[in-house]
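One structure is given here, and the rest of the page talks about it.
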Amino acid sequence: MPVIINGSGSVTGLSVGGLPDGTVDRDTLATNAKGSILQVVKNAKTDVTSATTINSFTDLTGANVTITPSSDSNKIFGMFSIAYGVSTYHHIMNFRIVRGSSTVVSDVAQAGGGATNFQTTTFGLRAMHDDNGGGFVTLTFYDAPATTSATTYKLQYYAVQSGTYYLNRSGTDSSSANYARGACTFTVQEIAA
C-alpha cells in the first residue's frame, strides 16, 4: 500500500514499524502520553521509630508520602521499602499501605485479635527469628485515587504479641558495628492514563 500524505497533514498507508529507526524520538512523542511518568515524589525516613500497639493497625510516624495527581484519571505506582526490627524472638510485624481509610496493599496473611478484614493482596508475615537482627521488605502498589487533591499514602503495622516494634533498627541496637541501622524510603509516581 502506498504512503499518502494529504493536505490536512494526516498520513495513511503506514504499517506498524514502517518508519526507519531514529525517525521518532522522545521529543516527538506526545506530552503526557499514556503510560508516561508525570512526577515522582519520595520521602525518606532515616530516624528510628518505635511502637508497642498490638491487635490494631497503627500508623508509623513519618512513614508516608504525599502526591497531588494532575488528573483524576491518572494512576499512582508506589514502592515502600521498609527496614524494621522487633524486640523479641519470633515476634511478627505485619504491614499495610493505606490511602485515607482504604487499604491499597497489605502483607498480612493472618492475624489474631479479631482482625479479619484484610482487604487486598497477601504477601506473607514478617517474622523475626532473632531479636538481634533486622528485616527488610518492599511493598509495591498500583492505585487509582480518582482525585486531583493531595493524596497521602502511609505505612501501618499490625502486631499480635506484646513487644517493641521498630523502623530502621534491629531489636538489639548498640554502637557495635554488628548492629547497623537501616533507612526506609517511600516513593510514588503519577502515571498518565
Side-chain angles (χ1 to χ4, degrees), residues 3-47 49 56-84 93-109 115-124 126 136-158 167-168 182-193:
V3 174
I4 300 170
I5 301 175
N6 65 28
S8 66
S10 64
V11 178
T12 60
L14 277 178
S15 60
V16 174
L19 296 174
D21 287 345
T23 303
V24 178
D25 62 15
R26 181 182 176 130
D27 294 333
T28 59
L29 294 176
T31 302
N32 300 342
K34 184 175 182 177
S36 298
I37 298 174
L38 304 179
Q39 61 173 315
V40 178
V41 180
K42 179 180 174 183
N43 178 28
K45 179 174 177 56
T46 58
D47 61 320
T49 294
S56 67
F57 278 108
T58 304
D59 294 351
L60 287 155
T61 304
N64 56 61
V65 63
T66 299
I67 190 169
T68 303
S70 58
S71 168
D72 61 8
S73 62
N74 289 342
K75 306 299 187 283
I76 302 297
F77 175 75
M79 181 168 56
F80 279 32
S81 296
I82 308 154
Y84 67 96
M93 193 172 190
N94 303 296
F95 297 104
R96 75 175 180 181
I97 300 168
V98 296
R99 171 182 39 84
S101 60
S102 299
T103 301
V104 294
V105 70
S106 174
D107 79 333
V108 177
T116 57
N117 189 25
F118 300 125
Q119 300 167 342
T120 64
T121 308
T122 295
F123 288 87
R126 305 293 137 209
F136 189 81
V137 64
T138 298
L139 300 178
T140 60
F141 63 91
Y142 189 69
D143 187 39
T147 185
T148 56
S149 298
T151 303
T152 298
Y153 294 91
K154 60 185 177 180
L155 180 69
Q156 295 182 327
Y157 84 100
Y158 189 104
L167 288 186
N168 296 337
C184 297
T185 57
F186 314 103
T187 306
V188 288
Q189 302 175 2
E190 181 183 5
I191 309 296

- Item | Side chain proximity check, V188 to V40, heavy atoms < 4.5 angstrom | no

- Task: Measure from the side-chain N and O atoms of Q156 to the backbone N and O of V98, and report whether any donor-acceptor pair falls under 3.5 Å.
- Result: no

- Message: Between N43 and G62 (side chain of the first, backbone of the second, donor and acceptor by atom type, cut-off under 3.5 Å), is there such a pair?
- Response: yes

- Heavy-atom pair of closest approach, residues S81 and T138: OG-OG1, 3.3 Å

- Please name the pair of heavy atoms, one in A150 and one in T68, separated by the smallest distance, quoted to 0.1 Å. CA-OG1, 3.4 Å

- Message: Within this structure, what is the CD1-CG distance for the pair I82 and L155, rounded to the nearest 0.5 Å?
- Response: 4.5 Å

- Item | Exercise: identify the closest heavy-atom pair between K34 and A193 | CG-C, 3.7 Å

- N94 (side chain) donor-acceptor with Y158 (main chain) under 3.5 angstrom: yes

- Message: Going by the rule side chain to side chain donor-acceptor pair (under 3.5 Å), which residues pair with S56 if we only count those two or more places apart in sequence or in a different chain?
- Response: none

- Message: List the residues meeting side chain to side chain donor-acceptor pair (under 3.5 Å) with Q189, not counting sequence neighbours, and say none if there are none.
- Response: none

- Item | Q39 side chain vs I67 backbone, donor-acceptor pair below 3.5 Å | no

- Heavy-atom side-chain proximity of F186 to N64 below 4.5 angstrom: no

- P69 backbone acceptor or donor facing S71 side chain under 3.5 Å: no

- Item | All pairs passing salt bridge (charged side-chain N to carboxylate O under 4.0 Å, His left out) where residues 57-71 contributes a residue, at least two apart | D59-K154

- T187 side, atom OG1; F80 side, atom CZ - distance, nearest 0.5 Å: 8.5 Å

- Query: Out of curiosity, Y157 OH to R96 CZ, how far, rounded to the nearest 0.5 Å?
  - Reply: 13.0 Å

- Query: Once the angle between the rings of F95 and Y84 is folded into 0 to 90°, is it parallel (under 30°), tilted (30 to 60°) or perpendicular (over 60°)?
  - Reply: perpendicular

- Item | Inter-residue atom distance L60.CG - T49.OG1, 0.5 Å rounding | 6.5 Å

- Message: Donor-acceptor check, side chain of D143 to backbone of I76, threshold 3.5 angstrom: yes or no?
- Response: no

- Looking only at heavy atoms, what is the nearest atom pair of Y153 and P145, with distance? OH-CG, 3.8 Å

- Task: Run the numbers on I37 and I191 for side-chain contact (heavy atoms from CB on, under 4.5 Å), then give the verdict.
- Result: CA-CA 5 Å; I37 298 174; I191 309 296; 3.8 Å; yes

- Counting only N and O atoms by type, is there a donor-acceptor contact under 3.5 Å from the side chain of N168 to the main-chain atoms of C184? yes

- Where N74 and A192 come nearest, the two heavy atoms and their spacing: OD1-CA, 3.4 Å

